[in-house]
Amino acid sequence: MLDIKLIRGNPDYIREKLKLRGEDDKIILRIFDIDKRRREIIKKDESLKELRNKVSDEIAVMKKNKENADEKITEMRKVHAKIKELDDELRKLDVMIDGELKFLPNNPKDDVPVGKTEDDNVEVKVWGEKKNFDFKVLDHLELGKKLDILDFDIGTKITGSGFPFYKGKGAILERALLNYMLDTHIKNKYIEVIPPVIVNSISMETAEKIPKFADDMYHIERDDMYAIPTAEVPLVNIHRDEILKPESLPIKYCAFTNCFRREAGSYGKETKGFLRVHQFNKVELVNFCKPENSYDELERMLIDACNILEKLNIHYRIIELCTGDLGFSASKCYDIEVWSYAEKKWLEASSISNFTDFQSRRGKIRYKKTLESGKTKPEFVHILNGSGLATSRLIVSLLETYQTEDGHIVVPEVLRDYTNFDLI
RNA sequence: GGAAGGGUGGGUGAGCGGCUGAAACCAACGGUUUGCUAAACCGUCAAGUCUUGUAAAGAGGCUUCGAGAGUUCGAAUCUCUCCCCUUCCGCCA
């Protein structure tokens with residue numbers, strides 16, 4: 001969530017940022033209005049409470065002296081009623097303003113390229129080159145079926161469409177990939193964790209996934225819990241309601257989890273095989289850091305993720321998302337896309353974002369900052385997250401990239417210690 | 001799932017209607033002492049929010065003792081509901 005004080009003090013600035021995202025800026029006017037009413041009520045309410053506290057103390061003294069305080073007590077009954085009235089009104093306004101804030105996105109950083117759609121995203125870097133195959137390339141479904149390593153029909157039978165099923169060397173390759181990624185991140189000082197994949201609604205709210213994206217989540221109604229769409233959710237919540245020590249920052253976590261997404265409304269769009277699934281595997285990176293370092297940390301995380309692909313020798317590119325394509329919570333975001341030879345297009349395999357203090361404000365995740373005066377004051381940390389990486393799209397690119405003319409897959413060098421075979 | 005006990009500041013933990021935003025201890029930070037370290041001693045040490053306001057600052061009010069509702073002039077303290085934790089029993093990987 002954004003800081004209400006920022007909106008109060010710079011409404012036009014926020015409106016500009018909203019327009020850059022292509023969003024309606026009327027929400028700011030509404031928030032501004034509610035906030036104004038809210039503060040008027042607070043003023044009245046608090047001055048009455050001050051009176052109540054004062055007179056209550058007086059009554060205490062009078063009672064101690066065995067004096068009669070009936071008159072004051074009668075008077076305070078009226079004050080009590082009025083306070084209750086104002087409290088109720090205030091609560092309504094609080095709910096209203098929070099309801100608006102929950103749908104207000106983070107501000108794009110000033111240097112984020114301005115644009116409307118993904119067509120306006122900026123290609124930052126292309127790594128490697130496209131291979132020249134002198135035979136007809138097979139897509140990942142054909143390869144998976146031929147080699148009996150992927151079977152979407154079984155997944156459909158067990159659960160439904162979009163639930164992949166890995167088999168034999170396919171399962172081993174997947175496991176190798178995940179282990180290889182985790183081991184690499186650990187070397188880069190990420191702390192590995194295995195978090196719950198079902199979380200409560202507070203965790204979802206802190207991660208700013210609900211209410212905005214509630215429709216895309218698997219929800220267990222009976223317990224009001226959610227299957228995570230990304231490990232970012234549990235990881236971000238590790239330090240909820242904490243004030244961290246400044247010397248502990250940055251704190252970096254990595255985790256492998258299954259991820260679950262309903263992908264509501266996207267049927268018919270890239271539904272083939274692994275291109276869009278309801279359950280997939282991902283190694284996620286989350287970084288808690290001081291605000292002044294967050295954009296440097298973003299670049300580091302980008303490198304950490306890219307390194308994985310380079311060691312795997314996968315042709316990839318980095319794009320920077322434009323203001324119109326930027327995610328709800330992000331102030332700046334890079335996507336890493338891998339090349340699919342069968343689809344003849346780039347596939348998103350990772351998204352690395354600086355969410356600044358957007359989640360930390362909602363989850364009260366702070367650190368003790370030392371001011372110039374030497375005093376300390378809690379300040380919201382910046383939180384970054386990135387996939388490092390999701391295997392679903394990566395496996396598409398990997399299988400296609402490493403296929404041989406006779407329909408086999410050469411295991412990439414760095415994975416062979418994990419797979420114990422070099423050909424599928 | 002059944003039974004009992006409990007949720008207080010960074011931690012341990014007292015308080016059980018007004019003198020408690022909260023004792024005491026520990027940790028942390030600053031200082032004195034010291035050749036250095038340690039020890040000892042002194043001091044500081046919750047967050048949020050509103051108003052006012054400064055070059056930085058500051059001043060004042062309000063709120064917060066798991067969450068919510070209630071009783072009361074006044075609630076950490078009494079009542080109700082919910083959530084969570086611990087222990088024991090049952091079931092089970």
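Every chain is numbered from 1, with letters handed out A, B, ... down the list of sequences.
- Nucleotides U8(B) and A4(B), compared at atom P, are 22 Å apart to the nearest Å.
- In this structure, the CZ atom of Arg77(A) is 16 Å from the C1' atom of G70(B), given to the nearest Å.
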Produce the list of close N/O pairs, under 3.5 Å, pairing protein atoms with atoms of nucleotides 64-66 of chain B; give distances to one decimal.
none

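- One P atom belongs to A46(B), the other to A23(B), and the distance between them is 10 Å to the nearest Å.
- Taking 4.0 Å as the cut-off between side-chain N and carboxylate O, Glu413(A) and Arg416(A) count as a salt-bridged pair.
- Among the protein residues, Asn53(A) comes within range of the sugar-phosphate backbone only, with heavy atoms under 4.0 Å from sugar or phosphate atoms but none that close to a base.
- Note on Asp88(A) versus Arg91(A): salt bridge recorded, some NZ/NE/NH1/NH2 to OD/OE distance being below 4.0 Å.
- Cation-pi check for Lys109(A) over Tyr295(A) is met; the charged atom lies under 6.0 angstrom from the ring centroid and within 45 degrees of its normal.
- G7(B) and G66(B): their C1' atoms are spaced 6 Å apart (whole Å).
- Counting only N and O atoms by type, the side chains of His219(A) and Asp224(A) include a donor and acceptor under 3.5 Å apart.
- Contact check on Asp33(A) versus Arg37(A) returns a salt bridge, with a Lys/Arg side-chain nitrogen under 4.0 Å from an Asp/Glu carboxylate oxygen.
- C78(B) and G15(B) have their P atoms separated by 12 Å, given to the nearest Å.
- Looking at Asn287(A) and Asn385(A), their side chains never bring a donor and an acceptor atom within 3.5 Å of each other.
- Note on Lys157(A) versus Asp153(A): no salt bridge recorded, every NZ/NE/NH1/NH2 to OD/OE distance being 4.0 Å or above.
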Along nucleotides 17-23 of chain B, 5' to 3', which nucleotides get a B, which get an S, and which get a -, given that the test is a protein heavy-atom distance under 4.0 Å? -B-----
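- Counting non-hydrogen atoms of neighbouring residues, nucleotides and ligands closer than 6.0 angstrom, the NZ atom of Lys44(A) reaches no more than 12 such neighbours.
- Ion pairing between a basic and an acidic side chain is recognised when a charged N comes within 4.0 Å of a carboxylate O; Lys332(A) and Asp110(A) show no such pairing.
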Give me the distances for all protein-to-nucleotides 67-69 of chain B N/O pairs that come in under 3.5 Å?
{"unit_1": "A69(B)", "atom_1": "OP1", "unit_2": "Arg91(A)", "atom_2": "NE", "d": "3.3"}
{"unit_1": "A69(B)", "atom_1": "OP1", "unit_2": "Arg91(A)", "atom_2": "NH1", "d": "3.3"}
{"unit_1": "A69(B)", "atom_1": "OP1", "unit_2": "Arg91(A)", "atom_2": "NH2", "d": "3.2"}

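- Remark: Arg362(A) CZ is packed, more than 12 non-hydrogen atoms of other residues, nucleotides or ligands lying under 6.0 Å away.
- Thr184(A) and Asn307(A) share no side-chain donor-acceptor pair at under 3.5 Å.
- Under 4.0 angstrom from either OP1 or OP2 of G74(B) there lies at least one side-chain N or O belonging to His80(A).
- Heavy atoms of other residues, nucleotides or ligands lying less than 6.0 angstrom from NZ of Lys169(A) number more than 12.
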With the criterion being N/O to N/O and under 3.5 Å, what pairs connect the protein with nucleotides 45-51 of chain B, and how long is each?
{"unit_1": "A47(B)", "atom_1": "OP1", "unit_2": "Lys368(A)", "atom_2": "NZ", "d": "3.3"}
{"unit_1": "A47(B)", "atom_1": "O3'", "unit_2": "Arg366(A)", "atom_2": "NH1", "d": "2.9"}
{"unit_1": "G48(B)", "atom_1": "OP1", "unit_2": "Arg366(A)", "atom_2": "NH1", "d": "3.3"}
{"unit_1": "C50(B)", "atom_1": "OP1", "unit_2": "Arg8(A)", "atom_2": "NH1", "d": "3.2"}
{"unit_1": "C50(B)", "atom_1": "OP1", "unit_2": "Arg8(A)", "atom_2": "NH2", "d": "2.7"}
{"unit_1": "U51(B)", "atom_1": "OP1", "unit_2": "Arg39(A)", "atom_2": "NH1", "d": "3.1"}

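- Salt bridge annotation for Lys49(A)-Asp87(A): present, with a cationic side-chain nitrogen under 4.0 angstrom from a carboxylate oxygen.
- By the 4.5 Å heavy-atom criterion applied to side chains, Leu249(A) and Asn293(A) are not counted as neighbours.
- For the C1' atom pair drawn from G13(B) and A69(B), the interatomic distance equals 29 Å after rounding to whole Å.
- Comparing U54(B) with A39(B), their P atoms are spaced 46 Å from each other, to the whole Å.
- Nucleotides C80(B) and U86(B), compared at atom P, are 25 Å apart to the nearest Å.
- With no hydrogens or angles considered, a side-chain donor-acceptor pair links Glu299(A) and Tyr334(A) at under 3.5 Å.
- Side-chain contact, Ser56(A) with Asn53(A): no donor N or O sits under 3.5 Å from an acceptor N or O.
- Across the P atoms, C25(B) and G43(B) are found 11 Å apart, a figure rounded to whole Å.
- Base pairing in RNA chain B yields stems of at least 3 consecutive Watson-Crick or G-U pairs, both distances under 3.5 Å, namely B:1-7 with B:83-89, B:10-12 with B:24-26, B:28-32 with B:40-44, B:46-52 with B:58-64, B:66-70 with B:78-82.
- Shown here is Glu247(A), whose CD atom has more than 12 heavy atoms of other residues, nucleotides or ligands within 6.0 Å.
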Are any protein N/O atoms closer than 3.5 Å to N/O atoms in nucleotides 78-84 of chain B? If there are, list each pair with its distance.
none

Please report the C-alpha distance between Thr391(A) and Glu174(A) in whole Å, then the side-chain angles of each, then the deciding distance to 0.1 Å, and finally whether the side-chain hydrogen bond (donor to acceptor under 3.5 Å, both in side chains) criterion is met. CA-CA 7 Å; Thr391(A) 61; Glu174(A) 175 77 358; 2.5 Å; yes
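- Distance Glu247(A) CD to A27(B) C1': 13 Å, rounded to the nearest Å.
- The nearest heavy atom of RNA chain B to Thr74(A) and to Arg52(A) marks one nucleotide each, and the one closer to the 5' end goes with Arg52(A).
- One can place NZ of Lys44(A) at 17 Å from C1' of G61(B), the figure rounded to the nearest angstrom.
- The ring of Tyr166(A) has its center closer than 6.0 angstrom to the ring center of Phe274(A).
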